[in-house]
Amino acid sequence: MNLRKKTLGYAIVAFVLLLLPVVLSPLLGSEQLATHLTARNEAPSWSHPFGTDWLGRDMFTRSIKGLALSLGVGLTAALASGLIAGTLGLMAATLGKAADRFISWLIDLFLSVPHLVLLLLIAFVTGGGVKGVIIAVGLTHWPSLARLIRAEILQLKSSEFVLVSRHMGRSRWWIATRHLLPHLWPQFIVGTLLLFPHAILHEAAITFLGMGLSPHQPAIGIILSESMRYLSTGMWWLAFFPGLCLLILVRSFDVLATNLYALVDPNRSQE
Amino acid sequence: MKRTGISRFLLRQAGKLALLLAASCVITFILVSHSPIDPTQAYIGADLLRVGAEQRDAIAEYWGLNDPPLQRFFFWFGSLLQGDFGTSMIHRAPVSEVIADRFLSSLVLMITAWVMSGILGFTAGVTAAMKRGSWLDRAIQWYCYTLSSTPTFWAGLLLLIVFTVWLPIFPVGLGTPAGVLAEDVTWLDRVRHMILPALTLSITGLANIALHTRAKLIDVLGSDYVLFARAKGEEGFVLFRRHGLRNILLPAITLQFASFSELFGGAVLVEQIFSYPGLGRATVEASTRGDVPLLLGIVLFSTLFVFTGNLLSELIYRWIDPRIREGQSI
């Protein structure tokens, strides 16, 4: 088994882990979320692997549904951010000096406010809710990727094969589609994938802080902030398992993205 | 010659800061004035039934909410320039006072966490690079990658469970003991209440610096001068002190100064978990309860905070690095 196959193996395992909550969430149904006053505050057992909360709701079901929601929000927000980053990075690198200056300044402006404060501000302004969370997370994750894409294009534009092509009289369109795009696609896709972990963590963070989703929705942030009231009575499972699930989810995204990058990056194809 | 270089640099930075703050003012004001949240409503809150229409109008008039947006903006911006940030709706005190008061307790927490994460992260990175490929290196790397995917607030909750519920060593939360008069609080109490939040902030903050330091030191260890030093028989700590330390200290320090943004974000989460009365908690209160003047003040203040970090990072780079320092005076 060579390194390439191993890398592919890691990527597939991570991908399956990511699919798990999406597949399990509709299968589990919602009757486990109803209150069962006979089964309150139970420690983890075979029938309730993650225990139950103070209303007798099964924590396993709540966690899985929360993860599915997090994935949905993260997906939408990261795609939006990726789109913004791609557009702005492209504009900065191709539309001349003034546009480049302005977009670079805009990137600096976004990076100069602490990320969490910016998230809270935007979520507050949009009035909270799932919509507010998606807008806040989607609007704030593009700067680093935009900067990366801009740098990549600028470097490609001055590379020898592009200069040679230009001297041979190729059109801008030809150069853009045949030379630039093949290099940019993997960068862009992996860059967008790498936005997911941040997007999901930030979604959980602002939900935890109380901006956003309603308390009835099973989101990891809400589960964790609710659990804070019951920790002093020793109900550790309320916080431990949902957080662990979130950690595994985020880590799998990271593993998936880095391994995928190793596979598609032309500079590392010989490894 | 050197002096003019520095003053020109500072002047340019000051111009950048002014532009940055002005842009933040305009953008945040536009954002907030389009918010669907009604500030009068947010102010009244649960007393909805006891407040009549006339009183609502009086409140709106009192806060100046009936004026056109542009007039409100210039009124607000004008007062900002005079140092008046307005009055916080929650605290019923001037925003600048609230921020100054809260920031002081946050600052102690942040500095402690910042120093701890810097030292621990640097040590971990150096250890990992010096023992490259060993189980220790793998453990440190695994820890760092895992920690960078860990939600800060979850790490805080775990520490809370272990150290206050299972092993009651530390107090559960707040900045000072409950039920004790402010004059009777000793600094030892404050320290005891600060340890857990600071610990949470530093164990999650060290991953970045550790990984960065490890990569840098591995670069340095692969260089020709280290190969030559090894050939002379130097090894272990002596080799590191003579050839590694100074090469990697500078990027580590500047990275640490440039991390003020994450530090502030981490403090927001950590203060919320431990009910620590700092600026982070004020941020959360302001945004969940709709205290617009306080929120705007905090946005501007935190921008200034992050800018200071970046400026310090650049200044230190210029001051410490002999290559840049000498290059300036020529």
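The sequence lines fix the lettering, A, B, ..., with proteins before strands; numbering per chain opens at 1. Here the structure is a predicted model, which means the values were calculated and not measured.
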Test salt bridge (charged side-chain N to carboxylate O under 4.0 Å, His left out) on A:Arg147 and A:Asp108; report intermediate values, then the result.
CA-CA 10 Å; A:Arg147 190 178 265 179; A:Asp108 283 343; 2.9 Å; yes
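- Contacts of A:Leu244 with chain B are made by both backbone and side-chain atoms, with heavy-atom separations under 4.5 Å.
- You'll find the ring centres of A:Phe241 and A:Phe60 outside the 6.0 Å limit.
- Per-residue heavy-atom pair counts under 4.5 Å with chain A were compared for B:Thr283, B:Thr152, B:Val268, and the maximum is reached by B:Val268.
- Heavy-atom pairs under 4.5 Å with chain B peak, among A:Val250, A:Ile200, A:Ile122, at A:Val250.
- Using a 4.5 Å cut-off between heavy atoms, B:Ile161 touches chain A through its side chain atoms alone.
- With a threshold of 4.5 angstrom between heavy atoms, B:Leu158 approaches chain A through side-chain atoms but not through N, CA, C or O.
- For B:Leu300, no part lies under 4.5 angstrom from a heavy atom of chain A.
- Under the 4.5 Å side-chain criterion, counting only non-hydrogen atoms from C-beta, A:Glu203 is in contact with A:Thr207.
- Contacts of B:Thr146 with chain A are made by both backbone and side-chain atoms, with heavy-atom separations under 4.5 Å.
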Give the C-alpha distance, both sets of side-chain angles, the deciding distance and a yes or no for side chain to side chain contact (heavy atoms under 4.5 Å, CB included) between B:Ile203 and B:Leu159.
CA-CA 11 Å; B:Ile203 59 170; B:Leu159 284 181; 4.3 Å; yes
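- In terms of non-hydrogen atom pairs under 4.5 Å with chain B, the most contact-rich of A:Leu119, A:Leu246, A:Leu121 is A:Leu121.
- Contacts between A:Phe208 and chain B at a heavy-atom distance below 4.5 Å involve the side chain alone, from C-beta outward.
- Heavy-atom distances place both the backbone and the side chain of A:Ser112 under 4.5 Å from chain B.
- Residues A:His202 and A:His141 place their aromatic rings such that the two centres sit under 6.0 Å apart.
- For the 3.5 Å distance criterion, the side chains of A:Thr140 and A:His115 qualify, holding a donor opposite an acceptor.
- Residue with the most contacts toward chain A among B:Trp154, B:Phe264, B:Phe260: B:Trp154 (heavy-atom pairs, distance under 4.5 Å).
- When ring centroids are compared, B:Phe257 and B:Trp114 come within the 6.0 Å threshold.
- With a 4.5 angstrom heavy-atom cutoff, B:Tyr145 touches chain A via backbone and side-chain atoms both.
- Sorted by first and then second residue, the side chain to side chain donor-acceptor pair (under 3.5 Å) pairs involving residues 240-255 of chain A (not counting sequence neighbours) form an empty list.
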